[in-house]
Q: 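Pasting a structure below so you can have a look.
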Amino acid sequence: MERSPDPPTPREVRLRELRPGDPPVEFVARVVAVERREVTRKSDGGRRPLLSGLLTDGTATVRFTWWDPPREGIERGTVLRAVAPEVGEFRGRPEVTFSWKSRVGPASEAELPRVDPTSLPHRPVAELRPSDDGFRVIARVIRSAERSVAVGEERRAVFEGLLADPSGTVAFSAWTDFRLRPGEAVEVVGGYVRSFRGAPQLVLDERSSVRRVDVEGLPPVDSILQAPPLLMAEAERRGGSGVFAVEGRVVALLPPSGLVYRCPQCRRSVTAGLCRVHGAVTGEPDLRARLVLDDGTGSVTVNAGRAETERLWGTTLEACRARLRELPDPATLEGELLEAVLGRRLRVRGTATKDDFGITLVPESLEPTEVDLESTAEQLGARIGVGRP
Ligand SMILES: [Zn+2]
């Protein structure tokens, strides 16, 4: 009688070696993101628990899905040994599913593979794309600041900033304090890339390591923070991330601009006495201007805050509120703001984000540039009807 062959012994691999369709494998990796959900079964309406998230071992980060996981004990930071997971593919990247056929359980830190940083490919920051991992970056820290964010019920510190190498800049966020200081040259290993407000962002976590390096050829901090203005078409081509300056003319004012009311708790604008997070609140008055700047190659939106708006408008929040008490129509105020800014040439340096509507800059500096006589004449002409057919 012939015995059926034993199933092949799983081969231990690194995450970057995972390929759909390979014989059974085994790996050790850390959970870097995890979310617990329940999925309703179509057959009987019962609820089936599901964990999903990201695993990394320093060579790659892969998505995982875990059906009927343990009730507890699996959280961010947990090291797992997974034997015989199903390896699939999503958008060309491997991902794993743990089902009844797999054996998955906690493992110790010591079982995590040691990754030799020099074995990872060096990547220019401008070439990083969302969900990339398993690379090395050598860059200068341009800025770094700590921010406190709400994660569920608790507050956590996150360190955010900007890295630059000769190819360009990339924003980063770190959940661990790597004590990054502006000006330092660093080699970063074990980060991964996510999409944040439409731009790639390098994410560093406990698995990442940062080493100070002594290398030539990285751009100095000032060359990034004080670089001459970019053409807007070039800013769009770069994907709109990072910190840069543009120079252009105000061609439009987007709502809400002018006198706005903000939620005292979260600073979101309040519409009809309602904050979309905090409900009914007493809005606090503020001034803002959402300016569309155009330089002939493209356009960007500039979100000017109170101080910049007051300066451009030549009026103060208090004066606006006083005027409002006398004005029959509050829209008059917005019209006056438009009048004050339209056609002005501005140089704006700030942090860019990108969405479906294009690039938005949050200004760190905003300066009117010298009067462009030709166009001023043109505008005056247009206003008084000269030069039109
Ligand atoms: Zn609010």
Side-chain angles (χ1 to χ4, degrees), residues 12-18 25-38 49-85 87 93-99 102-117 120 130-137 144 146-161 171-180 186-196 201-211:
E12 182 150 354
V13 296
R14 304 286 176 255
L15 292 182
R16 73 167 163 213
E17 298 159 353
L18 287 178
V25 295
E26 159 171 4
F27 60 76
V28 179
R30 188 193 301 273
V31 176
V32 289
V34 64
E35 183 188 33
R36 184 177 286 268
R37 281 184 293 150
E38 280 188 345
L50 169 70
L51 281 182
S52 62
L54 294 171
L55 291 168
T56 184
D57 67 356
T59 70
T61 303
V62 299
R63 289 205 62 82
F64 74 92
T65 305
W66 192 345
W67 292 101
D68 307 310
R71 244 177 251 281
E72 52 191 29
I74 309 297
E75 46 206 45
R76 218 170 66 85
T78 305
V79 177
L80 296 176
R81 176 175 292 274
V83 182
V87 180
R93 301 177 62 87
E95 58 175 28
V96 295
T97 304
F98 306 145
S99 63
S102 325
R103 291 195 309 280
V104 189
S108 78
E109 301 272 331
E111 291 171 76
L112 275 172
R114 258 179 231 291
V115 178
D116 172 9
L120 298 174
S131 63
D132 281 352
D133 52 31
F135 55 81
R136 251 179 333 135
V137 158
S144 179
E146 181 176 352
R147 192 163 69 90
S148 166
V149 294
V151 178
E153 296 286 283
E154 54 175 328
R155 294 201 73 83
R156 287 191 59 194
V158 59
F159 300 84
E160 294 176 324
F172 72 86
S173 74
W175 292 100
T176 298
D177 186 3
F178 291 101
R179 301 184 186 286
L180 297 174
V186 292
E187 179 188 64
V188 177
V189 176
Y192 61 93
V193 185
R194 67 163 182 162
S195 175
F196 182 65
Q201 184 188 49
L202 178 62
V203 182
L204 310 179
D205 60 27
E206 297 90 336
R207 280 296 286 158
S208 313
S209 70
V210 172
R211 186 168 71 88

Q: Determine yes or no for a side-chain-to-main-chain donor-acceptor pair under 3.5 angstrom, with R36 supplying the side chain and R71 the backbone.
A: yes

Q: Which heavy atom of Y192 sits nearest to which heavy atom of L54, and what is that distance?
A: CE1-CD1, 4.2 Å

Q: Is it true that a side-chain atom of R155 and a backbone atom of S148 form a donor plus acceptor pair closer than 3.5 Å?
A: yes

Q: In Å, rounded to the nearest 0.5 Å, how long is the span from CD of E95 to OG1 of T97?
A: 6.0 Å

Q: Write down the atom of T176, the atom of F159, and the distance for their closest heavy-atom approach.
A: O-CD1, 3.7 Å

Q: Using every non-hydrogen atom in the two residues, find where L55 and A29 come nearest and quote the distance to one decimal.
A: CB-CB, 4.1 Å

Q: Of all residues at least two apart in sequence or in a different chain, which pass the side-chain contact (heavy atoms from CB on, under 4.5 Å) check with S108?
A: A110, E111

Q: Which atom names give the shortest non-hydrogen contact between P49 and P69, and what distance separates them?
A: O-CD, 3.6 Å

Q: V87 pairs by side-chain contact (heavy atoms from CB on, under 4.5 Å) with which of V13, V62, V96?
A: V96

Q: Look up atom CD in E26 and atom CD in E12, then write down how far apart they are to the nearest 0.5 Å.
A: 5.0 Å

Q: Answer yes or no: is there a donor N or O on one side and an acceptor on the other, between the side chain of T65 and the main chain of S52, under 3.5 Å?
A: no

Q: In chain order, what residues pass the side-chain hydrogen bond (donor to acceptor under 3.5 Å, both in side chains) check against E35, with sequence neighbours excluded?
A: none

Q: With a 4.5 Å limit on heavy-atom distance, are the side chains of P85 and F27 in contact?
A: yes

Q: Quick one: sort the W66 and F98 rings into parallel, tilted or perpendicular, breaks at 30° and 60°.
A: perpendicular

Q: Pick out which of D57, T56, T61 makes a side-chain contact (heavy atoms from CB on, under 4.5 Å) with T59.
A: D57

Q: What is the distance from atom CZ of R30 to atom CD of E109, rounded to the nearest 0.5 Å?
A: 4.5 Å

Q: Should L204 and W175 count as side-chain neighbours, where that means a heavy-atom distance under 4.5 Å?
A: no

Q: Got a second to check how far Q201's CD is from F172's CZ, nearest 0.5 Å?
A: 9.5 Å

Q: Let me confirm one number: the CZ-OG distance from R194 to S173, rounded to the nearest 0.5 Å.
A: 5.0 Å

Q: According to side-chain hydrogen bond (donor to acceptor under 3.5 Å, both in side chains), who are the partners of R136, at least two apart in sequence or on a separate chain?
A: E187

